[in-house]
Amino acid sequence: MPASPVYRLAIDDVIYSFRDLAQRQPHSIFDCHFLALMRDLHRRFGTVITLNSFFQTHEGDFSLCDFPEKYRAEWEANAHWLRLAFHSLQEFPDDRYVGDTLDAFRHDYEVTKSEVFRFAGAQSWIAPGLIHFCRIPTDSLPTLAEWGVRHLAGLNHRKADGAWSGHYGVPDALAAHVAGNELGTEPESGITFSLVDLVINNCPPEQTSSMLEQRADTPARPQKIDLLSHEQYSWPFYPRHLPDHPERLANAIRWCVERGYQPAFYNGGAA
């Protein structure tokens with residue numbers, strides 16, 4: 001971990017911004033209101049952002065193959081703060097990678113990476129730091145390490161039956177360790193795991209401080225804060241649209257910045 005404490009912002013489930021740009025073909029990627037919001041957060045706070053991207057919509061009306069190359073120079077010009085990473089093929093089913101599914105996992109990663117390289121350039125790509133629902137195929141950690149993954153953030157919930165979920169299938173002892181907001185490394189792959197501190201779309205603006213302060217005395221807090229939100233909550237057509245999503249994002253970032261945390265990528269170091 002870096003010597004200075006860091007905060008990391010990941011946006012999961014990103015696909016509708018790509019669809020919007022491909023359909024409307026505006027002058028700039030920041031003519032998409034969601035990407036304009038990301039740029040505003042960067043300009044105000046210096047935040048660096050990873051967009052964890054789907055390859056296609058689950059509705060079946062768009063894939064990254066449909067995205068034009070006309071914006072490539074703009075993606076590249078902003079790659080110092082805005083990166084694209086693989087998240088999953090699509091939103092549903094959420095158990096696509098459960099079990100012996102490494103071939104499908106590898107295929108989805110490769111086609112997503114290929115399309116991002118085509119339309120946004122290699123420098124806009126970053127190794128994934130959070131896989132959809134924190135579920136990966138059996139014995140796939142070595143493959144993730146080959147892809148450049150050095151760090152994965154998870155949710156690490158213990159279910160009513162005592163089993164762990166949202167933890168990438170790591171051994172129970174490591175899952176419990178990370179659930180206490182301690183950094184933990186899986187020795188064979190060398191991948192370090194951490195706990196997501198706040199799912200921003202689940203946190204009303206007035207609760208930001210209290211939610212983040214809950215882990216004030218946990219072991220990893222002096223080193224990092226992991227922030228997560230989801231793109232779909234910013235789109236009015238989404239059934240659970242949050243008009244205050246920009247405020248929620250800004251509040252969480254501001255809390256980190258005011259306490260001296262520096263922006264960083266999951267697998268790319270400090271900005």
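Keep in mind the model is a prediction, meaning the values are calculated, not measured.
Ion pairing between a basic and an acidic side chain is recognised when a charged N comes within 4.0 Å of a carboxylate O; R72 and E69 show no such pairing. Of the charged side-chain nitrogens involved, at least one lies within less than 4.0 Å of a carboxylate oxygen, so that R44 and D40 count as a salt-bridged pair.
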Q: Any chance you could lay out the side-chain contact (heavy atoms from CB on, under 4.5 Å) test for S63 and F54, step after step, and finish with the verdict?
A: CA-CA 8 Å; S63 82; F54 292 140; over 6 Å; no
Q: Please report the C-alpha distance between D13 and H87 in whole Å, then the side-chain angles of each, then the deciding distance to 0.1 Å, and finally whether the side chain to side chain donor-acceptor pair (under 3.5 Å) criterion is met.
A: CA-CA 7 Å; D13 300 359; H87 193 49; 3.2 Å; yes
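Put simply, the side chain of D197 gets close to the backbone of D226: a donor and an acceptor are under 3.5 Å apart. At least one donor-acceptor pair under 3.5 Å links the side chain of H33 to the backbone N or O of S234. In terms of modelled atom types and a separation under 3.5 Å, the side chain of Y168 and the main chain of I131 share a donor-acceptor contact. Remark: the backbone N or O of I15 is not paired with any side-chain donor or acceptor of R19 at under 3.5 angstrom. Between the side chain of E213 and the backbone N or O of A216, no donor-acceptor pair lies under 3.5 Å. Distance alone, capped at 3.5 Å, places no donor-acceptor pair between the E59 side chain and the D61 backbone. With hydrogens and angles ignored, the 3.5 Å screen pairs a side-chain donor or acceptor of N156 with a backbone N or O of A175.
Counting only heavy atoms from C-beta outward, the side chains of S140 and R106 never approach each other to under 4.5 Å. Proximity of H230 to V199: side-chain heavy atoms (C-beta onward) are separated by under 4.5 Å at one or more points. Within the 4.5 Å cutoff, no side-chain heavy atoms of Q232 are placed close to those of H241. A 4.5 Å side-chain heavy-atom check between Y7 and K224 finds every atom pair outside the cut-off.
A cation-pi arrangement is absent between R8 and F265 under the rule of less than 6.0 angstrom and at most 45 degrees off the ring axis.
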